[in-house]
Amino acid sequence: MSPKPPATPAKPTPSNAPTARTASTVSRNARFAWYAGLVVLGLLVGTAGALVQAAWLPLGLILALLATAALFYGGLRATETQVGVVAGGVGWLLAVILLSFGRPEGDGVFGGGVGELLFLFGGMAIAVMCTTLARLPRPIP
């Protein structure tokens, strides 16, 4: 039997060398806090959008859809996952659905028309687009 050669020690990496990012920089608890905040923000954006799009029909609808897109895209970038879009979308859709029910007396936020349908389907289309966006790697500082 021949003796085994000594193992070569691993080269230490300098502390200032760039390392590959394999895990997210956001902790699990912080991410859950982001999700809860995005649900609440989705409720607010959905409610405001439902009111604004009917008040100033052409510009209000554009403003409501831009706010919806900002919510979904911001949720994607803040949490670094598609679940951020879903969390904002859950709050937004919940607000829109609850406001579309109306009351037994006949009062409701949505009066029925093209603007309401564009807001509903446009918001859902924006959510799908933001969910399917490719995640870009974050730059290393």
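Computed from heavy atoms alone, side chains included, the values below leave out hydrogens, waters and symmetry copies. This chain uses plain numbering: 1 for the first residue, then up along the sequence.
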Please go through Val128's hydrophobic cluster and name the other residues, only I, L, V, M, F, W, Y counting, with side-chain heavy atoms under 4.5 Å joining them. none
Hey, what else clusters with Val83 if you join Ile, Leu, Val, Met, Phe, Trp, Tyr whenever side-chain heavy atoms sit under 4.5 Å? Phe32, Tyr35
Closest heavy-atom contact between [X] and [Y]?
X      : Y     : result
Leu99  : Ala50 : CD1-CB, 3.8 Å
Cys130 : Ala69 : SG-O, 4.4 Å
Ala95  : Thr47 : CB-OG1, 3.7 Å

Might you work through the side-chain contact (heavy atoms from CB on, under 4.5 Å) test for Ile126 and Tyr73, ending with a clear yes or no? CA-CA 9 Å; Ile126 291 169; Tyr73 187 74; over 6 Å; no
Note, [X] side chain near [Y] side chain (heavy atom, < 4.5 Å):
X      : Y     : answer
Leu43  : Trp92 : no
Val86  : Thr81 : no
Thr132 : Gln82 : no

Are [Y] and [X] co-members of a hydrophobic cluster defined by side-chain heavy atoms under 4.5 Å apart?
X      : Y      : answer
Val90  : Phe119 : no
Met124 : Leu98  : yes
Leu44  : Leu51  : no
Val114 : Ile62  : no
Leu120 : Leu94  : yes

Kindly compute the distance separating [atom1] ([X]) from [atom2] ([Y]), expressed to the nearest 0.5 Å.
X      : Y     : atom1 : atom2 : result
Leu118 : Gln53 : CG    : CD    : 9.0 Å
Leu59  : Leu63 : CG    : CG    : 8.5 Å
Leu41  : Leu71 : CG    : CG    : 5.0 Å
Glu116 : Leu61 : CD    : CG    : 9.0 Å

